[in-house]
Amino acid sequence: MQRIDPLGPSLPLYDSQASRAIEQRAAARLPPHTLMERAGQAVARLARAWQPHARAIVVLAGSGNNGGDGWRAATLLQRTLGPLGAHVHVWSLGAAERQPPDARWAREAATAAGITHGAAPPPWPPDLVIDALLGLGLSRPVEGPWARALDWLQHCPAPTLCVDVPSGLDADSGRWWAAAPVRPRGPRITLALLTLKPGLFTGAGRAACGEALWFDDLGVASGADDLAPRAWTTPSAHWPDVAALRAAHDSHKGARGDVLVLGGQPAPAGGGVGMTGAAILAARAALRAGAGRVWVALPAAASYIPAFDAGAPALMLRSGDAAFADALHTRAVVVAGCGGGAAMAPWLPRLLQEAPRLVLDADALNALGPVAATQASPDTIWQTRAQRGWTTVLTPHPAEAARLLGCDTAAVQAHRLHAAEALAQRLQAVVALKGSGTVVAAPDATPYVNTSGDGLLATAGTGDVLAGLIGARLAAETDGRTPEMEQRMVAEAVAAHGALAQAWKRAWPPAANDLIA
């Protein structure tokens, strides 16, 4: 058993279909009920370690094998904690006659051991709850007594250990199917069994899992050798490698790559709202992450361009045309859109047709629709870029992705992996679909799901910081890159971005500029 480290190594994620195949293979080569016995032991062991003083324990058990894991854990907990005055009660939902063989065995063993059970919670307040209610197979809204049980579960203040998948969560997509709140009232941890599932890490998954995610492969780690993962967690956030930069004594700023940030529409002369700060944030992030040279080009009249950035004097502020010419000459990564406003629309065709390495964010994404409408075939420009071996990265949030896909935000959030993959395939680009569990997809490639970061990133400007980090990561390597390498580099930048938030230790939450200060 291991606790999953959000900043740890990349791990395979298997969807429900592959997870069932792995379970069936393991069950076929092991003695009867072995997997359920191991699962029950894992749940009981973690429950005792996490809440060693718990004596009033409620197990919510559904009618499937997830419920069987709960029944088995109840028996083992009563056996070990009963002599210490503990009492375990199973709140059972679903017809017993419909249970699969392993779950029926676990239920009969628990009944024979004297475990109390019923179709309602006990009258006494629990000091530990084990959620073994719905598990892997949920793919529709929760209704009836299941919905009432889930509402009780989410509002219960007692510590809760979720078995395999928090009840209410879609294991494949991270969609939350219940009317009950995603965030539980009490402390919570989750123990994934046999495989890690994509839905645990994206959408509502991380909020539903609680403060920690644990994993036990039940001794069958080799059971998935010939099955392709649905996704991978992002690589560990070890970039930028300061030690490597320090050791490169014969290096120079040109060897570390160039980045141009095109955006930051200033306020008009007569007054109004400007967005120069967005471009400055992206540029500062690129500079801080190790880019050798960073230009900032404001897509407006030269009279509105500041002489320099007092917070980062090494940034070079230029007019758009001059900076873009320099960027093409040095093969700089162009990060376009951060605070660019309506000024990005006339720039976009030129960027798509001339910039070999391009990151499109924010207002550049908003300008894509009108530009695509002027093309005889909207996909032609993307295919041309791919055929030339050019790099294209898009960093949409869910609403931006929905506009590009012609759907609504809810549809994107309900199927985050599918949405990112569809956009990547359509535009022949690397797509970083932002949000909890950012999905990094590329054409014909297995996506990454980011595990770093937390709610501190929910503040203005953090997306601009991410765009700058991606620009710097792509700028660091110029030769011999494959699309798979570029996808991985974007995933590394996303992981590093989340790690910045997790490293924050002060009492007040950070602003975006604090993350790179």
Nearest heavy-atom pair of [X] and [Y]: which atoms, and what distance?
{"X": "Pro443", "Y": "Ala424", "result": "CG-O, 3.4 Å"}
{"X": "Ala47", "Y": "Ile130", "result": "CB-CD1, 4.4 Å"}
{"X": "Ala501", "Y": "Leu456", "result": "O-CD1, 3.8 Å"}
{"X": "Gly94", "Y": "Ser63", "result": "CA-CB, 3.9 Å"}
{"X": "Trp176", "Y": "Ala208", "result": "CZ3-CB, 3.9 Å"}
{"X": "Val449", "Y": "Gly437", "result": "CG1-O, 4.0 Å"}

Hey, does the side chain of [X] reach the backbone of [Y] with a donor-acceptor pair shorter than 3.5 angstrom?
{"X": "Ser173", "Y": "Ala414", "value": "yes"}
{"X": "Arg230", "Y": "Leu417", "value": "no"}
{"X": "Gln99", "Y": "Trp105", "value": "no"}
{"X": "Thr202", "Y": "Gly199", "value": "no"}
{"X": "Gln428", "Y": "Trp382", "value": "no"}
{"X": "Asp15", "Y": "Ala18", "value": "yes"}
{"X": "Trp232", "Y": "Pro12", "value": "no"}
{"X": "His497", "Y": "Thr462", "value": "yes"}
{"X": "Arg416", "Y": "Leu433", "value": "yes"}
{"X": "Glu400", "Y": "His397", "value": "yes"}

With no hydrogens and no angle check, do the side chains of [X] and [Y] hold a donor and an acceptor under 3.5 Å apart?
{"X": "Arg48", "Y": "Gln51", "answer": "no"}
{"X": "Arg206", "Y": "Ser436", "answer": "no"}
{"X": "Asn66", "Y": "Asp69", "answer": "no"}
{"X": "Thr160", "Y": "Asp131", "answer": "no"}

Say you draw a straight line from [atom1] of [X] to [atom2] of [Y]; how long is it, rounded to the nearest 0.5 Å?
{"X": "Leu7", "Y": "Thr233", "atom1": "CG", "atom2": "OG1", "value": "11.0 Å"}
{"X": "Leu194", "Y": "Asp217", "atom1": "CG", "atom2": "CG", "value": "7.5 Å"}
{"X": "Leu136", "Y": "Arg20", "atom1": "CG", "atom2": "CZ", "value": "4.5 Å"}
{"X": "His418", "Y": "Gln425", "atom1": "NE2", "atom2": "CD", "value": "13.5 Å"}
{"X": "Arg107", "Y": "Trp71", "atom1": "CZ", "atom2": "CH2", "value": "4.5 Å"}
{"X": "Leu138", "Y": "Trp146", "atom1": "CG", "atom2": "CH2", "value": "10.5 Å"}

Item checked: Short N-O contact, Arg488 and Glu484, less than 4.0 angstrom -> no
Item checked: Ion pair check, Asp216 and Arg45, cut-off under 4.0 Å -> yes
Is there a side-chain contact between [X] and [Y] (heavy atoms, below 4.5 Å)?
{"X": "Tyr448", "Y": "Val490", "answer": "no"}
{"X": "Leu404", "Y": "Leu394", "answer": "yes"}
{"X": "Asp454", "Y": "Trp504", "answer": "no"}
{"X": "Arg38", "Y": "Arg72", "answer": "no"}
{"X": "Thr190", "Y": "Val165", "answer": "no"}
{"X": "Val90", "Y": "Gln78", "answer": "no"}
{"X": "Leu200", "Y": "Pro166", "answer": "yes"}
{"X": "Leu191", "Y": "Ile189", "answer": "no"}

Checklist line | side chain to side chain donor-acceptor pair (under 3.5 Å) assessment of Thr116 paired with His87 | finding: CA-CA 9 Å; Thr116 64; His87 182 71; 3.1 Å; yes
Next item on the list: Please check if atom CD in Gln17 has more than 12 non-hydrogen atoms from other residues, nucleotides or ligands closer than 6.0 Å.
Entry: no
Check: CH2 of Trp508: more than 12 outside heavy atoms within 6.0 angstrom?
Finding: no
Next item on the list: Begin with the C-alpha distance, continue with both residues' side-chain angles, and end with the deciding distance and a verdict on side-chain contact (heavy atoms from CB on, under 4.5 Å) for Leu515 and Leu457.
Entry: CA-CA 9 Å; Leu515 297 177; Leu457 291 173; 3.8 Å; yes
Margin query: Pair Glu421, His415 - check side-chain contact (heavy atoms from CB on, under 4.5 Å), show working.
Written below: CA-CA 10 Å; Glu421 289 173 318; His415 301 284; over 6 Å; no
Item checked: Intermediate values then yes/no, side-chain contact (heavy atoms from CB on, under 4.5 Å), Leu35 and Leu30 -> CA-CA 8 Å; Leu35 282 181; Leu30 292 170; 4.0 Å; yes
Margin query: Show, in sequence, the C-alpha distance, side-chain angles and deciding distance for Leu227 and Arg25, and conclude whether the side-chain contact (heavy atoms from CB on, under 4.5 Å) test is met.
Written below: CA-CA 12 Å; Leu227 294 173; Arg25 292 179 187 181; 3.7 Å; yes
Margin query: Ring of Trp177, cation from Arg175 - is the NZ or CZ under 6.0 Å from the centre and inside 45° of the axis?
Written below: yes
